[in-house]
Number of protein chains: 2
Amino acid sequence: MNTEASSPSATRPNLAAVAALAGVSASTASLAFSGAGPVSETTRAKVLAAAKSLNYAGPDPRAQSLRRGRSGIIGVVIEDRLRDAFRDPINIAMLDGIADELGTAGLALLLLTETGEAGADISLAPMDAVILVGCSTQLDRSVTVFRQRGIPVVAIEAERMPDVFPIDLDNRDASARGARHLSSLGHTNVAIVSLPLEESHARGPITREREAASSSYTATQRSLGVRDVFPAARGVVSAGSFIEEGLIAGRALLERGDKPTAIIAQSDLLAVGVIRAAEELGIGVPAQLSVLGFDGVHVEGLAPYELTTLVQPAVEKGSAAGRAVIELLEGGHPEPVAFESELRVGNTTGPAS
Amino acid sequence: MNTEASSPSATRPNLAAVAALAGVSASTASLAFSGAGPVSETTRAKVLAAAKSLNYAGPDPRAQSLRRGRSGIIGVVIEDRLRDAFRDPINIAMLDGIADELGTAGLALLLLTETGEAGADISLAPMDAVILVGCSTQLDRSVTVFRQRGIPVVAIEAERMPDVFPIDLDNRDASARGARHLSSLGHTNVAIVSLPLEESHARGPITREREAASSSYTATQRSLGVRDVFPAARGVVSAGSFIEEGLIAGRALLERGDKPTAIIAQSDLLAVGVIRAAEELGIGVPAQLSVLGFDGVHVEGLAPYELTTLVQPAVEKGSAAGRAVIELLEGGHPEPVAFESELRVGNTTGPAS
DNA sequence: GGCTGGAATCGAATCGATTCGATCGATTCG
DNA sequence: CGAATCGATCGAATCGATTCGATTCCAGCC
């Protein structure tokens, strides 16, 4: 590794050096590179030749971003560790929507995770705007900093906060719709498998206290939707949106005496895990147990089951966030967006036994 | 959205304004924030109070990165679209390794994709260093720019390039080891399911021409390793590392007359797809067909199979890249790293029929 | 009392480019 | 032929902070 250039000058060339060699002023050289002004063809050629001879790679992005007040970087804050967040395809789909939109607009995507300690760090990078995905309200402090800096903030599925542009999903209504589907099939003893409620990702039963203190808006809204139909629905909290966690939660619910006839999982991966638990215990799906998911992602190896689930437009959610960021950066005032999920009935729900 | 602050001054406060209000010089105010120099407690308090009263969020990262020559941002360039790259857990594991190291060092991760057109864009962001993962040599131009800028470049599983720090995997040797395993079981008619060879992700047979023109070092190395043992091994190219693609490739290989007795897939997902294809066609695994994978990732729903595969240390690969970047940034000269994969024998390979 | 040393603070240069207004020629039009 | 116009180029201010060397001030010491 010979990181140092072979040129004798220890210092890297800058625009001024290029301009000097080309025999023009720095301002002209700048125009030659950016193309944002009238420059004669011969002058541009001279500047480019000088740049090449000096091994100059073009204007320094750092200086550009200071002067222009824009860095072209959009922060995307994910709540979990990457490892966890990317295990659920729903998050990848959303990120893909964001990346598409930003990439088209020539913006880069800075991936940040919501680590409690580095909260100060989050606001340290030169970002033009921020997208929070499924983030807790613990980010209050960071949001304050963003506001002070005049950085637009877009939040996907988050509790309302002042000066934060919302991209919403009908978590509560959709969950209620799913619950009514089960209700219409005659189910009354329904249990919930919840997404993690705290940052600690602790398992255990759903309690009012935990929900009240929860940092996950999505999880609590989905539970509320279920209770709009089944006020007494109980449930357990998983440690993450993984099949393995659904399995654990499913066992916890199905090994006990008072077995539910239907389980509403807050993600498809959790639902698949629940089905696995039922298989393990010799409980037929949907004959003895109905299982409902959420997200509408494709899960490998689920055949012959076709999961009944609430399909959400994940990619669109991401691209809507991307578009909102772009419009906010351009000084526009986009309309808040709210997406709706659709109940897709498969063969994992059936009449109550 | 009220992006504009409510303060009457249209302009955002800067360090100078804070310093003026606190009755100190800008240099002292800077020290008060950075803590990089002796500042009396009372002065620091005054500065902080002034900052609060002006709604000042701290030094502007843009200006800091210009002055310091560091932005704290590391670019990570992924070859595929995110959607595709993140469908294979192996990539996520690696990214997680990278993110861990960088996060610990207080560096942020800029996610970039290797889109042909935006090649210019890639070098436009204010990055301190770059990690290329499984990238093609098409990035030559970008690498040139990075070198001119003095930005260290680390490449994971890439062809050797000057001034690029390599993180290697024994793709060829490991594949040869896997092939010998099959050879020792008596197999002679072996076929390969290759990772995509071109950016176009075109399917079709493996040919010398395609391999010669290939942009995927990993794919060609793995094929070479197989041919070290089975010089005449033929094969097909998949359109991506997905189960579905393995299924397509498996059908293509198994529906023909001259069926192989063993298939070497270049990823575990592809291998799973091949197994599905065999099931579909009523071909027993491993009785009639042995299947070998690569990566050693956990695939849901594969039971009762336990894939024979080459286990690579994916997370370690990522963290090694992260550490290398950090050391290079500190001016160190780290040793190149080469990882080895280990053959893990499951129940998908057996004696040739 | 004069001298030394160290802590606290300040001034000014610097990082590298962008951009606005001014200037200078050359062309065109009346 | 003079004036208006337009294109090309340049000077200088600016973006917002960091940092080095210089200065000030006070305590401690012989």
Side-chain angles (χ1 to χ4, degrees), chain A residues 9-47 50-51 54-72 123-128 148-151, chain B residues 9-47 50-51 54-72 123-128 148-151:
Chain A
S9 94
T11 169
R12 226 157 277 289
N14 58 15
L15 187 57
V18 172
L21 179 60
V24 300
S25 75
S27 21
T28 303
S30 172
L31 296 183
F33 276 105
S34 69
V39 176
S40 78
E41 204 42 60
T42 64
T43 305
R44 156 174 284 117
K46 262 192 306 184
V47 171
L54 284 181
N55 211 26
Y56 177 74
D60 185 324
R62 281 180 278 260
Q64 284 189 129
S65 65
L66 170 59
R67 181 61 236 238
R68 298 218 237 240
R70 284 282 168 84
S71 63
S123 31
L124 185 143
M127 303 175 290
D128 294 342
Q148 290 182 340
R149 287 241 164 82
I151 293 180
Chain B
S9 95
T11 170
R12 226 158 277 290
N14 58 14
L15 187 57
V18 172
L21 180 61
V24 300
S25 76
S27 22
T28 302
S30 173
L31 295 183
F33 276 106
S34 69
V39 176
S40 76
E41 205 43 59
T42 64
T43 305
R44 156 172 286 118
K46 261 193 305 183
V47 172
L54 285 180
N55 209 28
Y56 177 74
D60 186 323
R62 281 179 279 259
Q64 284 188 130
S65 65
L66 171 59
R67 182 61 236 237
R68 296 219 240 241
R70 284 283 170 84
S71 62
S123 31
L124 185 142
M127 303 175 290
D128 294 343
Q148 291 181 339
R149 287 240 164 84
I151 293 180

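Proteins come first, then strands; the chains are lettered A, B, ... in the order of their sequence lines, and each starts at number 1. Side-chain atoms are counted along with the backbone in the values below, which use heavy atoms only and exclude waters and symmetry mates. Quick caveat: nothing in here was measured; it's all calculated off a predicted structure.
The side-chain contact (heavy atoms from CB on, under 4.5 Å) check on R68(B) picks up Q64(B), with sequence neighbours excluded. R44(B) meets the side-chain contact (heavy atoms from CB on, under 4.5 Å) test with V39(B), E41(B), L48(B); sequence neighbours excluded. Every residue was checked against the side-chain hydrogen bond (donor to acceptor under 3.5 Å, both in side chains) condition with S65(B), not counting sequence neighbours, and none meets it. Residues satisfying the side-chain hydrogen bond (donor to acceptor under 3.5 Å, both in side chains) test with S40(A), not counting sequence neighbours, are T42(A), T43(A). For the side-chain contact (heavy atoms from CB on, under 4.5 Å) test, residues two or more places apart in sequence or in another chain that qualify with S30(A) are L15(A).
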Dot-bracket encoding of pairs in DNA chain C, which uses [ ] for pseudoknotted crossings and | for another strand, Watson-Crick or G-U under 3.5 angstrom: ||||||||||||||||||||||||||||||
Taking only distance into account, with no hydrogens and no angle test, what donor-acceptor pairs under 3.5 Å do side-chain atoms of residues 16-23 of chain B form with protein atoms, sequence neighbours excluded?
none

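A salt bridge (charged side-chain N to carboxylate O under 4.0 Å, His left out) check over residues 57-66 of chain A, counting only residues at least two apart or in different chains, returns the pairs D60(A)-R62(A), R62(A)-D128(B). Residue pairs meeting the side chain to side chain donor-acceptor pair (under 3.5 Å) criterion with at least one partner in residues 16-26 of chain A, sequence neighbours excluded, are S25(A)-S27(A), S25(A)-T28(A).
Contacts between residues 15-33 of chain A and DNA chain D, defined by a heavy-atom separation under 4.0 Å, are made by G23(A), V24(A), S25(A), S27(A), T28(A). Residues from residues 34-44 of chain B with heavy atoms under 4.0 angstrom of DNA chain D: there are none.
Shown here for P126(A) and S71(B), the closest heavy-atom pair between the two residues is CD-O, 4.2 Å. F33(A) and G58(A) get closest at one heavy-atom pair: CE2-CA, 4.3 Å.
Between the R149(B) side chain and the R12(A) main chain, no donor and acceptor come within less than 3.5 Å of each other.
Taking every nucleotide of DNA chain C with any atom under 4.0 Å from a non-hydrogen atom of chain B, the first and last of them, 5' to 3', are dA8(C) to dG16(C).
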